[in-house]
Amino acid sequence: MMVNLEWYRTFKAVYQTGSLTAASKMLFISQPNVSQHLSALEAYVGKPLFDRKPKIVPTDYGKLFYTQVVEPLEKLENVETDFRYLCSTKEIPNIHLGTVKEFFQAQVACRISTAPANFVVDFGGSKDLVRRLRQQDFDFAVVTEQIEEKNITYEPILTEHFVVVAHAGLDTRSFKAHLKKNDLACAEAWLLEQTWFANSSDLPVIRRFWRDNFRKRPALQPKFIIPDISTIVHAISHGEGITIAAEYMVKEAIKSGLLKEVWRGAVPAYNTVYLAYEPGRIPADRVKIMHDLLRMQHL
């Protein structure tokens with residue numbers, strides 16, 4: 001016998017109202033249908049769920065059964081309600097956005113509630129986001145590198161400027177003295193002595209900064225590798241350590257005195273953040289919504 005979800009709904013309604021009549025009104029079905037659903041469910045589980053007295057009363061097994069099914073059943077009902085709302089709100093478009101987490105947290109989360117659209121947001125790395133965009137899992141992706149894919153357009157959102165930051169109590173006087181003498185070898189040695197945090201083992205941001213300023217790969221091994229810049233900033237600002245991060249990720253912590261700006265580099269290191277999508281697949285009104293959300297000039 002195949003179980004019917006409506007049997008569970010009926011069981012829940014009868015249990016909560018204590019009446020076949022009240023349950024039938026709640027479910028907009030006839031009282032004989034309520035009785036049929038209960039009988040079918042009891043036959044399926046092999047136990048009586050209610051005693052049919054002058055007032056219907058749950059058995060001990062019925063009470064146990066209710067505690068097991070009510071929470072998942074209510075969760076499913078909430079999903080159905082939310083989905084019906086999304087489908088019925090035809091004038092509001094639905095946008096599925098894939099984005100790098102740090103950019104979303106720092107630049108988008110604070111104003112997404114004002115966007116005239118329903119959003120589903122997923123986080124990931126740039127390569128995986130573009131792969132899923134190509135598979136049409138997303139309408140748009142916010143990424144930190146251009147990955148060549150047919151029919152995908154990349155529009156610049158902003159330029160990230162990277163800065164070396166540390167906990168506020170770090171003594172940087174000797175480092176500043178090396179920079180003043182233009183002694184980059186000693187400046188690099190000082191940096192390598194510090195306790196480093198990085199967001200991945202391949203050090204993409206640190207390698208770029210080192211290449212631009214020291215013309216070599218960094219000979220450092222981070223003590224802590226945490227795949228989230230926000231968490232790294234929090235850890236350093238409440239403890240100690242050093243990292244390289246996009247300026248927009250750390251400016252508030254620097255302003256509030258939780259972090260210290262150590263160096264912007266003799267040669268500023270930067271990267272571009274892009275909005276990626278397929279123009280032939282995405283309607284122009286949704287593109288404008290994303291442009292406005294990201295504060296881009298609508299083209």
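Heavy-atom basis, side chains included; hydrogens, waters and symmetry copies ignored.
With values rounded to the nearest 0.5 angstrom, L220 atom CG is found 11.5 Å from T195 atom OG1. Here the CD1-CZ distance, from I242 to F197, works out to 11.0 Å after rounding to the nearest 0.5 Å. From S35, atom OG reaches atom CZ of R52 across 7.0 Å, with rounding to the nearest 0.5 Å. Rounded to the nearest 0.5 angstrom, T153 OG1 and E278 CD are separated by 9.0 Å. Taken from OG1 in T144 to NZ in K127, the straight-line distance is 10.5 Å, to the nearest 0.5 Å. Put simply, CD on E42 and CG on L49 are 4.5 Å apart, with the number rounded to the nearest 0.5 Å.
Side-chain rings of Y277 and F138 stay apart, their centers remaining 6.0 Å or farther from each other. Here Y66 and Y15 bring their ring centres to under 6.0 angstrom of each other. Aromatic ring centres of F209 and W196: separated by at least 6.0 Å.
Cluster membership for I226 and M249, using ILVMFWY side-chain heavy atoms within less than 4.5 angstrom, is shared. Taking hydrophobic clusters as Ile, Leu, Val, Met, Phe, Trp and Tyr residues chained together by side-chain heavy-atom distances below 4.5 Å, I225 does not share a cluster with V205.
The two residues T17 and A23 have their closest heavy-atom pair at OG1-N, 3.7 Å. A253 approaches V233 most closely through the heavy-atom pair CB-CG1, 4.3 Å. Nearest heavy atoms, P222 versus A198: CG-CB, 3.8 Å. Nearest heavy-atom pair across E261 and V165 is CA-CG1, 4.4 Å. Closest non-hydrogen pair, A245 versus V250, comes out as CB-CG1, 3.9 Å. The shortest non-hydrogen separation linking D171 to R173 is OD2-NH2, 2.9 Å.
Side-chain N or O atoms of Q194 include one that pairs as donor or acceptor with a backbone N or O of W190 at under 3.5 Å. At distances below 3.5 Å, not a single donor-acceptor pair connects side-chain atoms of K12 with backbone N or O atoms of L73. T172 places no side-chain N or O within donor-acceptor distance of the main-chain N or O of V262, the cut-off being under 3.5 Å. Formation of a donor-acceptor pair under 3.5 Å by the D122 side chain with backbone atoms of G98 is not found in this model. The main-chain N or O of A269 is never found under 3.5 Å from a side-chain atom of R208 such that the two would form a donor-acceptor pair. The main-chain N or O of L275 is never found under 3.5 Å from a side-chain atom of E155 such that the two would form a donor-acceptor pair. A donor-acceptor distance shorter than 3.5 angstrom exists from the side chain of N213 to the backbone of V267, with no hydrogens or angles considered. R217 places no side-chain N or O within 3.5 Å of a backbone atom of W210 that could act as its donor or acceptor partner. Side-chain atoms of S39 do not come within 3.5 Å of backbone N or O of Q36 as any donor-acceptor pair. Looking only at distances, a side-chain donor or acceptor of E102 sits under 3.5 Å from a matching main-chain atom of I229.
When side chains are defined from C-beta on, L38 counts as touching I56, because their heavy atoms get closer than 4.5 Å. T159 is not listed as a side-chain neighbour of V273, based on a closest heavy-atom distance of 4.5 Å or more. Residues T99 and Q107 fail the side-chain proximity criterion, which asks for heavy atoms closer than 4.5 Å. V108 is listed as a side-chain neighbour of L294, based on a closest heavy-atom distance under 4.5 Å. With contacts defined as side-chain heavy-atom distances shorter than 4.5 Å, the pair V100/S126 qualifies. Side-chain contact between L97 and D139 is absent, with no heavy atoms from C-beta onward closer than 4.5 Å. Residues H37 and R9 fail the side-chain proximity criterion, which asks for heavy atoms closer than 4.5 Å. Within the 4.5 Å cutoff, side-chain heavy atoms of V143 are placed close to those of Y154.
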Original post:
Can R131 and D128 be said to form a salt bridge (charged side-chain N to carboxylate O under 4.0 Å, His left out), step by step?
Top reply: CA-CA 5 Å; R131 177 185 63 80; D128 185 57; 2.4 Å; yes
Subject >> side-chain contact (heavy atoms from CB on, under 4.5 Å) between L41 and T10, worked out >> reply: CA-CA 9 Å; L41 183 59; T10 301; over 6 Å; no
Original post:
Please walk me through it: do L191 and F214 pass side-chain contact (heavy atoms from CB on, under 4.5 Å)?
Top reply: CA-CA 12 Å; L191 288 173; F214 299 114; 3.9 Å; yes
Subject >> Verdict with supporting geometry, F224 and T243, side-chain contact (heavy atoms from CB on, under 4.5 Å) >> reply: CA-CA 10 Å; F224 304 103; T243 194; over 6 Å; no
**OP:** Please assess I112 against F104 for the test side-chain contact (heavy atoms from CB on, under 4.5 Å), listing each intermediate value before the final yes or no.
**Re:** CA-CA 9 Å; I112 194 171; F104 182 86; 3.9 Å; yes
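Within a 6.0 Å sphere centred on NZ of K176, heavy atoms belonging to other residues, nucleotides or ligands number more than 12. Enclosure of atom CD in E71 is not indicated, since only 12 or fewer non-hydrogen atoms of other residues, nucleotides or ligands lie within 6.0 angstrom. Taking a 6.0 Å sphere around CD of Q135, one finds it holds more than 12 heavy atoms contributed by other residues, nucleotides or ligands.
The side chain to side chain donor-acceptor pair (under 3.5 Å) with N271 is formed by just one residue from the set H161, E145, E160; it is E160.
Between W263 and F175, the angle of the ring planes goes over 60°, which puts this pair in the perpendicular group of the 30/60° scheme.
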